Amino acid sequence: EADSDFDNAIIAHEYGHGWSTRLTGGASNVTCLRNVEQGGEGWSDYLGLMLTTDWASLSPNVASANIPRGIGTYVLGEATSGDGIRPYRYSYDIANINSAVTYAAVGNSSFSQPHGIGSIWCTIIWDMTWEIIFEDNAIEPDIFNTSNMVGNVAALKLVNEGLRLQPCSPSFVDARDAILAADQAFFNGKYRCAIGRAFARRGLGQNASTGSSSDDRVVTEDFSPIAGNALSSPLSLTVCSGE
């Protein structure tokens, strides 16, 4: 039987739980990620993807973004190209790989709680990472090189800071808005359009709603573009494509 300790994505995934639970709601509160609609397993999968991707081998294009990634392939005795343990592999290729993975899937019981629901969130922020890479037309080969805050490194920074800014028991909408707030705070809204495209293409658009509670599976998806920056001066306005 394969030992999961030899799978770096699994190690990173489990470490990621400490990361997400300690940043959400503050370091002294580690009980903020227990609601039904929260991305805890997704943040952990995302960290596994980010830290095990051979970024130097990829290019800032759709062909690289479309490469499917499975989580837990080693423990299943699969090749690294295998399906892994999630309902769908992670890929930007929504047409051929994971078209079922949109916000509405939170209400689909075939997506288990918490792992299946978390995989929806990871799919969305993995798409977001590639949208940011596309915008910068750049990939930093060393994900730990924070002196080059572009593309994949900038995306990881936004996800990290979004954890700090989101409320306790966050819905996907809350987590989305926290990432947008982080972009405004750290990059002056530079990536707002890229972030908006990623969320809108998976049903977390401008009018998406979690309803009255983030502790159930009742959500409403929306594919409307997320609005650009508010008017900052009479002559300065960010307008995202499609608005």
Side-chain angles (χ1 to χ4, degrees), residues 8-10 12-13 15-17 19-20 38-55 57-73 80-103 105-106 111 114-136 138-140 143 150-163 166 172 175-176 178-180 182-183 191 193-205 208 221 223 226:
N8 283 332
I10 289 179
H13 172 103
Y15 174 82
H17 285 300
W19 172 54
S20 61
Q38 51 90 3
E41 298 296 337
W43 281 299
S44 285
D45 276 5
Y46 179 75
L47 192 62
L49 291 173
M50 295 298 284
L51 298 186
T52 62
T53 293
D54 180 6
W55 292 106
S57 70
L58 301 177
S59 300
N61 57 35
V62 172
S64 288
N66 284 350
I67 296 171
R69 294 284 307 278
I71 291 288
T73 54
T80 55
S81 58
D83 291 340
I85 58 178
R86 301 296 181 239
Y88 296 90
R89 288 177 294 174
Y90 295 117
S91 171
Y92 184 80
D93 188 356
I94 193 171
N96 299 301
I97 303 297
N98 49 29
S99 62
V101 187
T102 66
Y103 186 39
V106 170
F111 286 79
H115 294 90
I117 291 174
S119 74
I120 302 165
W121 177 247
C122 182
T123 299
I124 296 170
I125 56 177
W126 185 242
D127 279 9
M128 182 197 78
T129 297
W130 283 100
E131 289 285 0
I132 290 171
I133 288 170
F134 297 156
E135 178 166 324
D136 283 342
I139 290 176
E140 166 52 48
I143 193 64
V150 298
N152 48 332
V153 180
L156 183 54
K157 171 69 172 176
L158 286 171
V159 172
N160 184 77
E161 300 305 328
L163 289 169
Q166 68 189 7
F172 284 12
R176 177 203 69 189
I179 289 174
L180 287 166
D183 175 53
Y191 297 114
C193 294
I195 295 166
R197 282 192 297 273
F199 284 113
R201 79 192 295 261
R202 295 284 181 176
L204 260 176
E221 70 179 9
F223 296 91
I226 292 176

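Worth saying up front: this structure is predicted, and the values here are computed from it rather than measured.
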Does N66 offer a backbone N or O that forms a donor-acceptor pair with the side chain of S91 under 3.5 Å?
yes
With rounding to the nearest 0.5 angstrom, report the CD to CH2 distance, Q38 to W121.
11.0 Å
Report the distance from atom CD1 of I124 to atom OH of Y103, rounding to the nearest 0.5 Å.
8.5 Å
Check the orientation of H13 and H115. Use parallel for under 30°, tilted for 30 to 60°, and perpendicular for over 60°.
parallel
Under the 3.5 angstrom rule, does the side chain of S57 hit a backbone N or O of D54 as a donor-acceptor pair?
yes
If you compare all heavy atoms of G40 against all heavy atoms of H17, which two are closest, and at what distance to 0.1 Å?
O-CE1, 3.9 Å
Does V106 reach the side chain of E221, with side-chain heavy atoms less than 4.5 Å apart?
no
With rounding to the nearest 0.5 angstrom, report the OG to CD1 distance, S119 to I71.
10.5 Å
Does the side chain of I195 come within less than 4.5 Å of I226's, by heavy atoms?
no
Side chains of N98 and R89: does their closest heavy-atom pair fall under 4.5 Å?
no
Closest non-hydrogen atom pair, A12 against L51:
CB-CD1, 4.3 Å
So do the side chains of W19 and N160 get within less than 4.5 Å of each other, counting heavy atoms only?
yes
Any idea which heavy atoms bring L204 and R176 closest together, and the distance?
O-NH1, 3.1 Å
Quick check: do R202 and I120 have side-chain heavy atoms less than 4.5 Å from each other?
no
Taking every non-hydrogen atom, the tightest pair across L47 and G16:
CD2-CA, 3.7 Å
Hey, are T123 and R86 close enough side-chain-wise for a donor-acceptor pair under 3.5 Å?
no
Describe, in one word, how the ring planes of Y88 and F111 are oriented to each other, choosing from parallel (under 30°), tilted (30 to 60°) and perpendicular (over 60°).
parallel
Distance from Y15 atom OH to N8 atom CG, nearest 0.5 Å?
14.5 Å
Side-chain (N152) to main-chain (E140) donor-acceptor, under 3.5 angstrom:
yes
Evaluate the side-chain proximity of L158 to I132: yes if any heavy-atom separation is below 4.5 Å, no if none is.
yes
Do the rings of W126 and W130 sit parallel, tilted or perpendicular, given the 30° and 60° boundaries?
perpendicular
Under 4.5 Å between any side-chain heavy atoms of W55 and I133, yes or no?
yes
I want to check something: taking the side chain as every heavy atom from C-beta on, are Y46 and T129 in contact at a cut-off of under 4.5 Å?
yes
For L49 and Y90, work out which heavy atoms get closest and say how close.
CD1-CD1, 3.6 Å
Is a side-chain donor-acceptor pair under 3.5 Å present for E131 with Y191?
no
L180 CG to F199 CZ distance, which is reported to the nearest 0.5 Å
6.5 Å
State, to 0.1 Å, how close A182 and E161 come at their nearest heavy-atom pair, and which atoms those are.
CB-CB, 3.8 Å
Atom OG1 of T53 and atom CD1 of I143: how far apart are they, to the nearest 0.5 Å?
8.0 Å
Verify, without hydrogens or angle tests, whether S44 (side chain) and E41 (backbone) share a donor-acceptor contact under 3.5 angstrom.
no
